[in-house]
2 protein chains.
Amino acid sequence: MQRKLPQSNLYLREEELRRGVELLYFAYRDFTSDPDEILAQSRFGRAHHRVLYFVGRNPGTTVSGLLSLLRITKQSLSRVLGQLVEEGYIQQDAGLEDRRQRLLHLTDKGKAFEKELFASQRDRVAEAYKRAGPEAVAGFWEVLLNIVDGDERDTVLRQIEK
Amino acid sequence: MQRKLPQSNLYLREEELRRGVELLYFAYRDFTSDPDEILAQSRFGRAHHRVLYFVGRNPGTTVSGLLSLLRITKQSLSRVLGQLVEEGYIQQDAGLEDRRQRLLHLTDKGKAFEKELFASQRDRVAEAYKRAGPEAVAGFWEVLLNIVDGDERDTVLRQIEK
DNA sequence: GAATATATGTCAGTGTTATTGACATAATAT
DNA sequence: ATATTATGTCAATAACACTGACATATATTC
């Protein structure tokens with residue numbers, strides 16, 4: 001746990017906080033540029049990537065499951081998901097117990113594309129982990145998890161522990 | 001430095017990499033939602049926030065300085081910057097040595113607004129730092145810096161050490 | 001069985017942020 | 001004088017998100 005800082009260290013504290021804000025901005029900017037380059041060659045964008053990614057990680061999830069995980073509207077998802085289904089990246093099956101539901105799965109084509117997109121980020125993150133070392137990586141996870149909304153941490157933990 | 005993992009740990013490694021990808025996604029999503037809420041009450045968006053932020057951090061920077069830091073096009077910046085100047089958040093002065101340049105500064109109004117926007121993220125990040133502790137924070141910085149493009153790390157370091 | 005709720009889909013309109021390409025102006029450098 | 005640089009601007013386009021309204025099929029409840 002962090003020791004209480006004396007008041008006189010408020011200036012230093014602000015610098016540390018701005019450092020976090022800025023590193024998050026720059027890291028996220030570069031981290032998303034890898035898949036963006038691949039996506040630019042197709043008619044897909046970042047939103048399609050997110051859907052492919054989370055359907056891949058949660059096979060059999062439903063439309064509303066995706067909606068609450070991604071926190072976008074049904075109309076936004078509908079366009080993106082519709083294109084992915086139409087072009088054969090995602091397969092929809094009627095729910096077994098509740099036939100109103102659409103259970104979502106990646107097709108082989110979808111799996112291959114997701115793998116390619118993930119690989120571009122995997123290499124960057126793996127290299128960063130290697131350079132920073134395992135203890136830094138643990139701190140990286142810890143701080144990021146605490147930046148997530150308090151009432152969403154359980155959802156995120158369930159997701160990353162799959 | 002990370003020890004070499006045996007081949008049999010490749011599965012674990014992929015889980016660790018996906019954890020980083022997912023935490024970055026969720027943390028960034030919530031981290032940007034704070035200023036977004038404030039911005040939604042004005043006619044400004046996330047792009048305006050970034051310009052306010054980096055002009056505030058680099059008083060006297062030029063248009064091309066901002067362009068290379070933010071990596072957007074002149075046309076995209078032009079619209080956003082123009083609105084901020086017109087509404088009195090940013091002041092432009094002709095360069096002292098090169099009068100073609102526009103040296104950019106926040107006005108008092110701009111400083112106040114930037115402060116309000118930053119406060120919303122500061123509280124979130126400060127709380128996360130406190131919960132995770134100083135060692136985790138150091139790891140958080142280290143990994144994020146290594147996620148940034150190699151050829152941009154110097155630029156980012158110069159920025160965060162201001 | 002009828003009424004209500006849920007899961008999903010769809011239509012029309014809007015706004016923000018970004019892009020590219022072309023061209024213009026003013027100031028500096030050669 | 002000419003070329004280059006820093007900035008600004010116009011027009012067109014695209015991705016991604018939003019709201020509001022309405023439709024359909026299936027489940028649940030009274």
Side-chain angles (χ1 to χ4, degrees), chain A residues 25 28-29 32-33 35-55 60-87 90-104 117, chain B residues 25 28-29 32-33 35-55 60-87 90-104 117:
Chain A
Y25 170 70
Y28 196 80
R29 182 194 66 177
T32 49
S33 72
D36 281 356
E37 273 178 36
I38 299 170
L39 291 159
Q41 294 161 7
S42 65
R43 292 173 302 299
F44 295 147
R46 205 176 282 183
H48 300 84
H49 181 201
R50 288 200 288 266
V51 171
L52 278 174
Y53 186 92
F54 286 108
V55 170
T61 190
T62 63
V63 170
S64 43
L66 266 187
L67 287 179
S68 55
L69 192 64
L70 299 176
R71 287 214 306 225
I72 57 175
T73 59
K74 190 173 50 164
Q75 294 81 348
S76 297
L77 176 59
S78 177
R79 178 184 51 85
V80 171
L81 183 57
Q83 288 169 329
L84 289 169
V85 169
E86 193 175 340
E87 303 203 22
I90 287 181
Q91 180 190 341
Q92 289 179 324
D93 303 306
L96 298 172
E97 292 175 1
D98 184 338
R99 300 205 312 164
R100 291 171 304 182
Q101 292 180 332
R102 301 276 172 272
L103 307 186
L104 306 173
L117 290 165
Chain B
Y25 169 70
Y28 195 80
R29 181 194 66 177
T32 50
S33 71
D36 281 355
E37 272 178 36
I38 299 171
L39 290 159
Q41 293 162 5
S42 66
R43 291 173 303 299
F44 295 147
R46 205 175 283 182
H48 301 84
H49 181 201
R50 288 199 288 264
V51 171
L52 278 174
Y53 186 92
F54 285 107
V55 170
T61 191
T62 62
V63 170
S64 43
L66 267 188
L67 287 179
S68 56
L69 191 64
L70 297 177
R71 286 214 308 224
I72 56 175
T73 60
K74 190 173 49 164
Q75 293 79 351
S76 296
L77 176 59
S78 177
R79 177 186 50 86
V80 170
L81 183 57
Q83 290 170 328
L84 290 168
V85 169
E86 193 175 342
E87 305 204 19
I90 287 181
Q91 180 189 341
Q92 289 179 326
D93 302 307
L96 298 173
E97 293 175 3
D98 185 337
R99 299 206 311 165
R100 291 171 304 182
Q101 294 180 329
R102 302 276 172 271
L103 307 186
L104 306 173
L117 290 165

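These numbers come from the heavy atoms of this one structure, side chains and all, not from hydrogens, waters or symmetry mates.
For B:G65 and A:Q83, each mapped to the nucleotide of DNA chain D holding its nearest heavy atom, the one lying further toward the 5' end belongs to B:G65. With DNA chain D read from its 5' end, the first of the two nearest nucleotides for A:E97 and B:Q92 is the one closest to B:Q92.
Contacts between residues 70-79 of chain A and DNA chain C, counted as heavy-atom distances below 4.0 Å, involve A:K74, A:Q75, A:S78.
A distance of 5.5 Å separates CD of B:Q92 from CG of B:L81, quoted to the nearest 0.5 Å. Here the straight-line distance linking atom CG of B:L67 with atom OG1 of B:T73 works out to 8.0 Å at 0.5 Å rounding. Atoms NE2 and CG, on B:H49 and B:L39 in that order, are 6.5 Å from each other to the nearest 0.5 Å. Atoms CZ and CG, on B:R29 and B:D36 in that order, are 12.5 Å from each other to the nearest 0.5 Å. Going from atom CG of A:L69 over to atom OG of A:S64 covers 11.5 Å, rounded to the nearest 0.5 Å. Between the CD1 atom in B:I90 and the CZ atom in B:R102 there is a gap of 14.0 Å [rounded to 0.5 Å].
With B:Y25 as the fixed residue, the ring pair (Phe, Tyr, Trp, His ring centres under 6.0 Å) test singles out one of A:Y53, A:F54, A:Y28: A:F54.
Looking at heavy atoms from C-beta onward, B:R43 lies in side-chain contact with B:E87 at the 4.5 angstrom threshold. Looking at heavy atoms from C-beta onward, A:T61 lies out of side-chain contact with A:L103 at the 4.5 angstrom threshold.
Mapping heavy-atom proximity under 4.0 Å, the span of DNA chain D touched by chain B runs 5' to 3' from D:dT5 to D:dC10.
The CG-P distance, from A:L81 to C:dT10, rounds to 10 Å in whole Å. What separates CZ of A:R46 from P of C:dT17 is a distance of 14 Å, to the nearest Å. A straight line from CZ of A:R100 to P of C:dA5 spans 13 Å, rounded to a whole angstrom. The CG atom of A:D36 sits 17 Å away from the P atom of C:dT17 (whole-angstrom rounding).
End-to-end axis angle of the helix from C:dG1-D:dC30 to C:dT30-D:dA1, from C1' rotation axes over five pairs per end: 20° (rounded to 10 degrees).
Counted within 6.0 Å of CZ on A:R71, heavy atoms from surrounding residues, nucleotides or ligands total more than 12; the atom is thus considered enclosed.
For the residue pair A:H48 and A:L84, the shortest heavy atom distance occurs at O-CD1, 3.9 Å.
The phosphate of C:dT16 has neither OP1 nor OP2 within less than 4.0 Å of any side-chain N or O from B:H48.
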